[in-house]
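One structure is given below, encoded as structure tokens.
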Protein chains: 2
Amino acid sequence: MQESVVFRLGVLGATATELFAAAVEPYGLKPKQVGLMIVLSAGLAASQLDVARVMGVAPSLVVGFADHLEGLGAIRRTRDPADRRRQLLTLTDRGRELLDTCSALARSLDAEFTDGLTPQEHAVLAGLMGRLAVGRGLPAGR
Amino acid sequence: MQESVVFRLGVLGATATELFAAAVEPYGLKPKQVGLMIVLSAGLAASQLDVARVMGVAPSLVVGFADHLEGLGAIRRTRDPADRRRQLLTLTDRGRELLDTCSALARSLDAEFTDGLTPQEHAVLAGLMGRLAVGRGLPAGR
DNA sequence: TATTGTTATACTCTATAACTATA
DNA sequence: TATAGTTATAGAGTATAACAATA
């Protein structure tokens, strides 16, 4: 039972998110807010509603994330001139900078987390998880 | 960034827990309650405080889990005769039965989750995640 | 009328602190 | 006094429903 992939993903995932949250907290960020920046950076969504759909969260939740990221200067909100109901979110230079910092933190956490694995094993693990993510239609989100 | 093991574990883990929660819900169980049964089954803890330590949750949270599992007839609470403050939790026959059912559900979810992987890849993934869990001192929990 | 974003509200999960009973 | 369990309370995080602006 403990050997179940699904069960272990749940336990390890909770630990991983905890570590990641602690790492980005000094930058005023929560994991899901980083997820939003990733979605923008990858060009997976433009409007807030699109972001909500891609991340699999309620649209009302995106409002708060966008408010916060805007406050950090990480994103800009602009009304879509073609449809003035839509708020188009774009990453600012500061946002890209923050995202780079988060990437570096993630790399560092990865090294710590996969401490007992060889570089080859680490690569295999990353590859297999990437395929699971694709299979689930999961681009990012947390 | 999306390729980070820690980040992907977070995203995949949340999805996995969601699936597992939906699978055990018809049996009146939440993932953490299953985790408690696993801890007992594996002999990792006896008293409620031990369970809380092993699972990494607050002792007050275990009270509710134990109440619920007792209500389902899955565990028994007995006062430790040597120290009457301690509640010793033990799995009943019904508890073992429920845990077996959860194991079957997990196996089925695993098959679905690792659909795109060969049996060999599935085994490699399970092995690597097992080593990550050991490295983190994670026996169970969810 | 329908849709986007927002606000108000409520629900779930969890932790901290106060309490009890035993030690 | 200290510890195991319990209860009361509070804080995250999230969703649903009502609302405003625009289509």
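The basis for the numbers below is simple: all heavy atoms, side chains too, and nothing from hydrogens, waters or symmetry mates. Just so it is clear: chains get the letters A, B, ... in the order the sequence lines come, proteins before strands, and each one is counted from 1.
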(message) Using whole Å, what does the distance between atom C1' of nucleotide dC13(C) and atom CG of L29(B) come to?
(response) 17 Å
(request) List the atom of R79(B), the atom of R85(B), and the distance in Å for their closest heavy-atom pair. (result) NH1-O, 3.0 Å
(message) Between D93(B) and R76(B), does any NZ, NE, NH1 or NH2 come within less than 4.0 Å of an OD or OE carboxylate oxygen?
(response) no
(message) Any residue in residues 75-92 of chain A with a heavy atom nearer than 4.0 angstrom to DNA chain D? Just list them by number, or reply none.
(response) D83(A), R84(A), R85(A)
(request) Give a yes or no on whether a salt bridge exists between D50(B) and R53(B), defined as a side-chain N under 4.0 angstrom from a carboxylate O. (result) yes
(message) Rounded to whole Å, how long is the line connecting atom CG of L61(B) with atom C1' of dA10(D)?
(response) 15 Å
(request) Measure the distance from CE on M55(B) to P on dC13(C) and round it to the nearest whole Å. (result) 13 Å
(request) Nearest whole angstrom, please: distance from the C1' of dT6(C) to the CZ of F65(A). (result) 15 Å
Could you go through residues 57-65 of chain B and list every donor-acceptor pair under 3.5 Å that involves a side-chain atom there, pairing it with any protein atom two or more places apart or in another chain?
none

(request) Look at the side chain of T92(A) and the backbone N and O of A74(A), then say whether any donor-acceptor pair between them is shorter than 3.5 Å. (result) yes
(message) The side chain of L49(B) is closest to which nucleotide in this list: dT16(C), dT14(C), dA4(D)?
(response) dA4(D)
(request) Send over the distance from E18(B) CD to dG13(D) P, rounded to a whole Å. (result) 17 Å
(message) If you only use heavy atoms from C-beta on, which nucleotide in dT14(D), dT6(D), dT7(C) is closest to the side chain of S60(B)?
(response) dT6(D)
(request) Rounded off to whole Å, could you give me the CD-to-P distance for the E25(B) and dC13(C) pair? (result) 11 Å
(request) Would you indicate which nucleotide in dA8(C), dG5(D), dG5(C) comes nearest to any side-chain atom of Q48(B)? (result) dG5(D)
(request) Kindly check if the number of other-residue, nucleotide or ligand heavy atoms within 6.0 Å of CZ (R136(A)) is above 12? (result) yes
(request) Classify the nucleic acid contact of V62(B) as base, sugar-phosphate or nothing, counting any heavy atom under 4.0 Å across all strands shown. (result) nothing
(message) Whether K30(A) contacts dG13(D) is assessed here as follows: a side-chain N or O lying under 4.0 Å from the phosphate OP1 or OP2. Is that the case?
(response) yes
(message) Rounded at 0.5 Å granularity, tell me how far CG in L99(B) sits from CG in L36(B).
(response) 10.5 Å
